Number of protein chains: 2
Amino acid sequence: MYTISEIADLLGVSPHTLRYYEKEKIVVPDRDANGNRVYRNEHLTWLRFVIKLKQTQMPIAKIRKYAELYLEGEHTTTARLALLEEHQRAIQEQLHTLMATEKMLADKIAAYKQYIARMQNKQPT
Amino acid sequence: MYTISEIADLLGVSPHTLRYYEKEKIVVPDRDANGNRVYRNEHLTWLRFVIKLKQTQMPIAKIRKYAELYLEGEHTTTARLALLEEHQRAIQEQLHTLMATEKMLADKIAAYKQYIARMQNKQPT
DNA sequence: AGTTGACTTCGAGTAAACTCTAACGAATAT
DNA sequence: ATATTCGTTAGAGTTTACTCGAAGTCAACT
């Protein structure tokens, strides 16, 4: 059992953000007698998953869609699978782009270093 | 020599976006006698680079910073190098996250498929 | 009893990156 | 000559994902 700020600390997000995720129906924690939010381990696990999806550019709207399907029960299994497979493809595209750009940057960086080294030879301090 | 819409088509962005990039001082094309924008090959090359940076999550503000340094001349070489190296590190972190998430998704997808296959065995149509 | 601290809600505000609108001008097509 | 097409500007509007502020509640400490 965790309070909102405990969860926030554990995940490195702000309590504000967690309330926002609740408003967006992405994580809906329980409440105690005072009306305060109570997060359980399953919420924590789900939030870690959500954060991974977010870090890989899945928009909040799609994460909510997945959460909704999950709450709808077993008959949405294939829909959820499709959603995950779509995101997997998106990730693979991102990997492609990132690797290509990394290579390009590495080349550019090498060229800059060459240039700087050449300048230091010509005008020693 | 290209018009704004030719460049837009070549890059898959809208003319609006190109004007926005100009307002942000990221690409400042020439003008013809009528005051219309004229892009040359060097603008195209630079824009392709900008788009790669954007696709790998470099914020517009940093891209503009790099462009400014470039226009300031040779004495900003080390600053530009530092900027590129910083982004290279950011890319490497993204690669890490993406690969980890891809693995996680692949596992989850496999589990879903197993589950679906099991259901089809139990309740054949 | 009073203050502190953590929580609550609702609604407003912010930042980034576009995206669009309106009003206009110039060149081409009929 | 007029209509269409493509361009121009300044500025307003949109979307996404927070982020903050104000006003209030509640339990615990002093």
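In what follows, chains carry the letters A, B, and so on, assigned in the order in which the sequence lines appear, proteins first and then strands, with residues in each chain numbered from 1. Note that the coordinates shown come from a computational prediction; the quantities given were computed from them, not determined experimentally.
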Between atom CG in A:Leu18 and atom P in D:dC20, what is the gap in whole Å?
14 Å

For the pair made of CZ in B:Arg64 and P in C:dA15, what is the distance, rounded to whole Å?
14 Å

Would you classify B:Arg19 as touching base, sugar-phosphate or nothing, given that sugar-phosphate means primed atoms plus P, OP1 and OP2, and contacts are heavy atoms under 4.0 Å?
base

State whether the number of non-hydrogen atoms from other residues, nucleotides or ligands found under 6.0 Å of B:Met1 atom CE is greater than 12.
no

Is any side-chain heavy atom of B:Leu47 closer than 4.5 Å to one of B:Leu10?
no

A:Arg31 CZ to C:dT8 C1', in whole Å, measures 8 Å

Quick test of your reading of the model: are B:Arg80 and B:Glu85 salt-bridged, counting only N-O distances below 4.0 Å?
no

Check whether any side-chain heavy atom of B:Thr3 sits under 4.5 Å from a side-chain heavy atom of B:Asn36, and report yes or no.
no

Between side-chain atoms of residues 60-67 of chain A and protein atoms elsewhere (two or more places apart, or another chain), which donor-acceptor pairs fall under 3.5 Å?
unit_1, atom_1, unit_2, atom_2, d
A:Lys62, NZ, A:Glu86, OE2, 2.6
A:Arg64, NH1, A:Glu24, OE1, 2.3
A:Tyr66, OH, B:Tyr112, OH, 2.9

Quickly work out the A:Asp32 CG to C:dC7 P distance and round it to whole Å.
11 Å

Testing the 3.5 Å rule here: is there a donor-acceptor pair between the side chains of A:Glu74 and B:Tyr115?
yes

Picking from C:dT8, D:dG7, D:dT9, which would you name as closest to the side chain of B:Thr3?
D:dG7

Can you confirm whether more than 12 heavy atoms, excluding those of A:Glu72, are under 6.0 Å from its CD atom?
yes

Indicate yes or no: does A:Asp30 engage A:Arg37 in a salt bridge with an N to O separation below 4.0 Å.
no

Bend angle of the helix from C:dA1-D:dT30 to C:dT30-D:dA1, from helix axes over five pairs at each end, nearest 10°:
20°

In whole angstrom, give the distance that lies between atom CZ of A:Arg37 and atom C1' of D:dC26.
15 Å

Closer than 4.0 Å, any side-chain N/O of A:Asn34 to the OP1 or OP2 of C:dC7?
no

Can you measure B:Glu24 atom CD to C:dA15 atom C1' for me and round it to whole angstrom units?
12 Å

How close or far is atom P of D:dT15 from atom CD of A:Gln57, stated in whole angstroms?
21 Å

Nearest atoms (heavy-atom pairs only) where A:Thr76 meets A:Leu69
OG1-O, 2.6 Å

Whole-Å distance, A:Leu53 CG to D:dA17 C1', equals 16 Å

What string of B, S and - do you get for nucleotides 17-24 of chain C, 5' to 3', when a contact is any protein heavy atom under 4.0 Å?
BBBBB---

